[in-house]
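This report concerns only the one structure given below.
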Protein chains: 2
Amino acid sequence: MQASDRTRKRPRSRYAVLGMLSMGLETGYAMKKHVEVHLGHFWNESYGQIYPILRQLVEEGLATCQVEQQAGARRRKCYALTPAGGNELRAWLVQSPEPQPPRLELLLKLTFGERVPVEACEQLIRDHRETCNRDIAHLASIESALRDKPGRHPDQPYWLMTLRYGRAVREAERTWCDETLEQLQEIRSGHQLTSESGMGR
Amino acid sequence: MQASDRTRKRPRSRYAVLGMLSMGLETGYAMKKHVEVHLGHFWNESYGQIYPILRQLVEEGLATCQVEQQAGARRRKCYALTPAGGNELRAWLVQSPEPQPPRLELLLKLTFGERVPVEACEQLIRDHRETCNRDIAHLASIESALRDKPGRHPDQPYWLMTLRYGRAVREAERTWCDETLEQLQEIRSGHQLTSESGMGR
DNA sequence: CTAGCCATGTAATCCGTTACATGATTGG
DNA sequence: CCAATCATGTAACGGATTACATGGCTAG
């Protein structure tokens, strides 16, 4: 009962922000950019989350904020992690995420695929295959940019792991698409044999 | 501008319900059960969604509802799809889902992995590996149960495709886990060499 | 008789996105 | 001067989960 405070589920965005503070990002704006550019393949954040969280973290003593307002500089709030904030982050990092219920719209559509022409299903799969290909190319470009960078960041090996994850999953999906397209073609042949054979309408 | 009605984004739960109506499921309760048992590997639904949606669909003429209330039977509402409902479903089925921004907590943690002992990261990965194994076994059991069933359902080939998807992705993840564990071990060796070599504290 | 399943429903709450409002600074 | 970028923030909305309330039927 009294563990409710430690056990209470906090929004994951909170820890994304703490993590970015821990890598020295100072402004909400910079964090949003960082998510878009570097974490985009497995995470997203909106200003509507970031700014309120930043304010909260300061209230809770997990971060500090000093306003930069000297002449000839943009108005900006400079945040930094406190030791307590670091502890909070690490405590979260070591907990295995509980598996979250997935919602894969593509598979939901495919489950009901019998209700539409086979060709429609084939289109769904081809589109998904294209998405996979684009993602794989995108991940590859991020990866090579990261490897070419001269002074290597201490986080680099971990970043590479996340990139490998994306590639592995996307490639598996692409293979699945190919197999599935073959199966759909078989179904199509089956339809031509059993129902009308060549009749329009 | 005037396409707003057809284009307007509707909650996906709505179509999950329409789909289940199309396969003859009659009550909200049965739908919840079906999601849990048969779609659990890629979808989830809660009563808090299902019942309000069912009411709405009737209001919109996409479903009908007749209350079964003869003596000696449980009180239940029997829903069925109308032709308009079938059209709505099919119109949705043929549209490729736009890629939804993922939020993979495991990868978020791994990105910040440098902030905790390597052993903690290894534990994260091992746990995930276990999850993959459990899922693969679970999918296999569903699949064999489905294949063994005598009278084959017209939707069966599509169900098998969704199962293959789950297996393909989970197996790819498992392979990634193995590779990642190796890399983490290398990192661990590196630490031992550069920093204190065997010193406690 | 009672535990467990069938069955329906709602209110509170949460997480998160979207859209908007505002404005300073810098580079071309 | 103007467009792009840096920068902060909030209000409204939406989708979804959680927790709760209720009750009848059935099998052991």
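Reckoned from all heavy atoms, side chains included, excluding hydrogens, waters and symmetry mates.
Using modelled atom types, one side-chain atom of B:Trp176 and one backbone atom of A:Met161 make a donor-acceptor pair closer than 3.5 Å.
Contact between B:His128 and B:Arg170 at its shortest, heavy atoms only, is CE1-NH1, 4.1 Å. The minimum heavy-atom distance linking A:Thr82 with A:Gly61 is given by the pair OG1-O, 2.8 Å.
Atom-to-atom, OH of A:Tyr51 to P of C:dT22 comes out at 17 Å; the value is rounded to the nearest Å. In this structure, the CD atom of B:Gln66 is 15 Å from the P atom of C:dA7, given to the nearest Å. Between A:Ile50 atom CD1 and D:dG9 atom P there is a gap of 12 Å when expressed in whole angstrom units. The distance from atom OH of B:Tyr47 to atom C1' of D:dC20 is 14 Å, rounded to the nearest whole Å. A straight line from CD of B:Gln49 to P of D:dG15 spans 9 Å, rounded to a whole angstrom. Following rounding to the nearest Å, B:Arg12 (CZ) and D:dA16 (P) show an atom-to-atom distance of 5 Å. If you take CD of A:Gln56 and C1' of C:dG16, they are 13 Å apart, rounded to a whole angstrom. In this structure, CD1 of A:Ile53 is placed 15 Å from C1' of D:dT10, rounded to the nearest angstrom.
A:Arg115 and B:Ser22 share a side-chain donor-acceptor pair at under 3.5 Å.
For the OP1/OP2 pair of C:dG16 and a distance below 4.0 Å, the side-chain nitrogens and oxygens of A:Ser13 include at least one atom meeting the criterion. Contact between the side-chain N/O atoms of A:Asn44 and the OP1/OP2 oxygens of C:dG16 is not found at any separation under 4.0 Å. At the phosphate of D:dT8, neither OP1 nor OP2 sits under 4.0 Å from any side-chain N or O atom of A:Tyr29. In terms of phosphate contacts, A:Lys77 brings a side-chain nitrogen or oxygen within less than 4.0 Å of OP1 or OP2 of D:dG9. For the pair A:Arg75 and D:dG9, the criterion of a side-chain N or O lying under 4.0 Å from OP1 or OP2 is met. Side-chain nitrogen and oxygen atoms of A:Arg103 include at least one within less than 4.0 Å of the OP1 or OP2 phosphate oxygen of D:dA16.
Residues B:Tyr158 and A:Leu110 are in side-chain contact: their nearest non-hydrogen atoms beyond the backbone lie under 4.5 Å apart.
Across all strands, A:Gly48 comes closer than 4.0 Å to base atoms (heavy-atom distances). Base contact: A:Ser46 has a heavy atom under 4.0 Å from a base atom.
In the set C:dG16, D:dA16, C:dC6, C:dC6 carries the atom at the smallest distance from any side-chain atom of B:Lys33.
Take the nearest nucleotide of DNA chain C for A:Arg14 and for B:Pro52: the residue whose nucleotide is more 5' is B:Pro52.
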